[in-house]
Structure formats: structure tokens, C-alpha cells
Amino acid sequence: MLWGSVLPLLMLGLAVMVARPLRPPGGPPQPRPGPSEADRQFAEEYLRHFYGFQPERRRRAAESDEDQNSRLCDQLKRMQRFFGLPPSGELTNETVAVMRRPRCGLSDAEPFGDTMRWKTSTLSYRIVGRKLPISAWKVRKLFKAAWEVWSNVALMKLRKRRRREADIVISFHSGDHEDGSPFDGSGGILAHAFLPGSGIGGDVHFDAEEDWSFNSTGYSLFVVAVHEFGHALGLPHSPDPGAVMYPAYNFAPDYELQLSFRDVKDIQHLYGISPNFAKLVLKNPPPRTPDKCDPDLSFDAVTELQQELLFFKDRFMWRKHPQFDETGITLISSLWPDVVPSHLDAAYENVEKYVNVFFKGDQYWVLRQLSLQEGFPRNISALGFPSRIKAVDAALHFREDRCTMFFTGNECWRYNEQQEAMEGAATLIGEQFPGIPTPIDAAVFHQGFVYFFKGNVLYKYNMESKSVASMSPTNELLDCQKESD
Ligand code: ZN
Ligand code: CA
């Protein structure tokens, strides 16, 4: 066994919780077993395919088990960093779950460079083969629109050809299709493309076994086409989770594709700026992925998750693990696919009930071990809020007191977690927490203090003296200064 003994981080967290004496209704969840042997083999194959890990090299170089393990561990850390996971180098259940998400078949470790572009800016493409998942005219229309996503911002044109040779040939295939990268049936790898060049260069292949419907179960052919066409034009995978060129497919059915600021910069770097771009930017500027070093950074919500702190912003989150200085950015949907919404209002963890609770508008979601509980989302009136309260700004859980404080405007509400009821009417935040301005964005316990977030200011609050201990920029906890970019 190559991996040695691994203790999944999630299990570590659970071990702490299981030790608590009080048994909640339903009992504690059973700790999940660690990755299976099949998971380990899958992970090794994944790293070989996407991160250049080559186990066969060892026979040639007479590599020791130890050396090979450390090489494997380094590649795993690289993968974990790429996906914003804690870079432990251990194969956790969560790492396996991220590896098993649908994705593009190209490597994440391939440096492309400036030379990977077509020499001409007018390119031709052809759609060939019979395995089209939808009618031919719909496919043509969809691919035309997907090319336009790129040609609207960069200086190049795409022309469709029916018969003659084309620069880019697009087709659907099942399983092995004789290019050295067989497809894997439903799920897993959705498509792949080849870098600009002659022959197979620039060609795009879609896995014909996927459900390319656009309802809640299938994948969006349009979204995947825009991503693959990016490769066909010369773009590598981006580690920016907001970019279309991010390798994982993490899109909700209602997702409306838009190139990110990073995608636009990257394609314009290769082909120059389209004359239409100025108009387009005014109408619909490409979204920037939030930057943890932005001095104006504010958060939607902050919560504990076992040993970690999670900072939410739009459809992204940063994860701060006590063992690692690095805090990676990832999509909320990467940890909770299709469950936890973006643009949250508030979140908290109740370790005694083994649940995480998320708020957006008048709805709330309760998750246990990363899974949504039955009957959720529910209206927040179920917690005892009067009908005039339409949303909460922040939530703060008190482990010792077994209660949760909700913040709405200048009011706070105390919720008794044992009785599952509000304790009386609202009180004023200004009286409960003197020195804290309202309304607040987020609140969380951390190292004996309450951290209140408002705009770009973080208030470290001492509960005993009922006073603000210090004020700092909101990103103080996100190791901004330690990274070079
Ligand atoms: Zn890709
Ligand atoms: Ca597949």
C-alpha cells in the first residue's frame, strides 16, 4: 500500500465531537471510514493523469518506497492547493470527493505559455461524426454561441466549415477513441481538447456517454464547450475557481456562464483585444474573483467547520485550517455541490448537534456531515422570528451556553438550541455588544474572542470586558502578506 497510514481530517474532527457527553436527537453520526483501497488506486490514477505523477518511473530509477510516497504526497498537496483544500498531503475523504467530481480531461500541471496560440486570427471549425446528443442544428447554434463568448472579447474570428479541412474538428466519442485518452463513461471526464497545432491540434472531443441535457441532472454542453474551446485556442487550466478555465465542473443548473476577468485577460494576452470589448465591458463587466488581499474585502458570512474557519463571499469561500498557514479559495459548490447557495447571509456550526446551518434571505439550510437534512430549506419563521424579520445578517453560536445569537439590523435574537425556541424578544446590539456598529456582516468565535465583521473592518471583541479588544482589516486571518502574488 503506497499511502501509508492516513487519518482523514474529517474523522479527526468527528473524534473530538464524539467525545462530548450530551447525545442529541438522532445520535451522533457514525464516523465515516477513510478512503478505500479503490479510492487510493483512483487517486493515484488521478494524480498520474492530471498532475504528472508517474509511478512507473520508479523501476527505472530504482526509487525507494519512501521516495515514491513523498513524491505522491507532493503531487497530492499540489492538487489540494489547486482546489483550495487544506494542503495536508493526506488522502482525505474530502479530497477523494473533489477528485470524483466531473471535470475536464486535460492536465492541471501543463504549462502552456505564449507560443500556444494559432498564428492566424481567423480560424475554421467543423463538427463531425454521428453521436450528437441533440439535433444537429441545435448543436451548431450552441457551438456558434460558445465561440462567440471568446471572439466577443478577443481579436479573432471563427468560421464554420461543412466539408473542407478545418483548424478545429469537434466530435463526440465513447470510451477509447484512439487518441491515447479514452473517455470513462458517464461522469468523471466530460471532454478534452488539444492545444493549437496541425493534425489533431485544436480538436475538441466530448464524451458521448454524458447526459448533455440542461435540466437538473445533466451537464451543460454550452458551459463545457466554452471551456474546451478555450483550450483549443491555447488556454491552460486556471487555478482561479471563478474562471471558466477552472478544470472542475461545479455549475448549478441555473448558472449563467460569463467569462471571468481572468479568462478575459488570458485570452486577450494571446490574441489581443476585440474592438467590441469596450462596449461589452460597459454593459456587462467580467466578474473578478474576490481577492483575499483586497483592502476593501468584506464577507457574506463566517463560520467554524470542525477545526477550520470558513469565510464566504459570493459563490466562493476561503478555508483556514489551524495546521496550515495557507488559506485556499474554492467554490462553495466544490464542498457542497448543489446544496448551499451562493451569496449567503449568515452561517454557524452547532458542534453539539453535529450540524452546520446556512442562511440566505428568509430561508435556512441545515446540513449534517455535509448532507442536507430532510425538509430543508425552511423559512426562518420556523426558528421563531416574527414575520417582520425577512433575513438575518449574522449568526454566532455559543457552545457553552448552547444558544445561538442572530443579528438583524440593530437587533440581536437569542435562540435556545436545546428548547429550539427564541428566548424572549430582540435586544439591541449596541447594548449587548457595546462598541460594535450595526448592521454587521458576519460573526464567529475564534481563539476566545468574538470576531465581528463589518465592511472591511474586523472587530475582535472581548466578551468578559464587553469591549472591542482591537480593530484590523477583515483579511487579517487570511495570511495575505505571506503570498507573493
Ligand atoms: Zn480543461
Ligand atoms: Ca465521462
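All values below come from the heavy atoms of this structure, side chains included, with hydrogens, waters and symmetry mates left out. Whatever order the structure lists ligands and atoms in, that order sets their numbers, starting from 1.
Checked against a 6.0 Å centroid threshold, the rings of Phe229 and Trp150 do not count as neighbours. A centroid separation of less than 6.0 Å is found between the aromatic rings of Phe183 and His177. Between Tyr219 and Tyr249, the ring centre distance stays below 6.0 Å.
For residue Gly185, an N/O/S atom approaches the Ca ion (ligand 2) to within less than 3.0 Å. For a distance bound of 3.0 Å, the N, O or S atoms of Gly188 include none lying that close to the Ca ion (ligand 2).
For the pair NE2 of His227 and NE2 of His237, the angle whose vertex sits at the Zn ion (ligand 1) is 110° to 10 degrees. Here Glu210 contributes OE2 and Asp184 contributes OD1, and at the Ca ion (ligand 2) these two atoms make an angle of 180°, given to 10°. Rounding to 10 degrees gives 110° for the angle at the Zn ion (ligand 1) between NE2 of His231 and SG of Cys104. At the Ca ion (ligand 2), the angle from OD2 in Asp207 to O in Ile189 is 90° when rounded to 10°.
Using a cutoff of 4.0 Å between basic side-chain nitrogens and carboxylate oxygens, Arg40 and Glu44 are not scored as salt-bridged. With respect to Lys313 and Asp294, no salt bridge is recorded, no charged nitrogen being found less than 4.0 Å from a carboxylate O.
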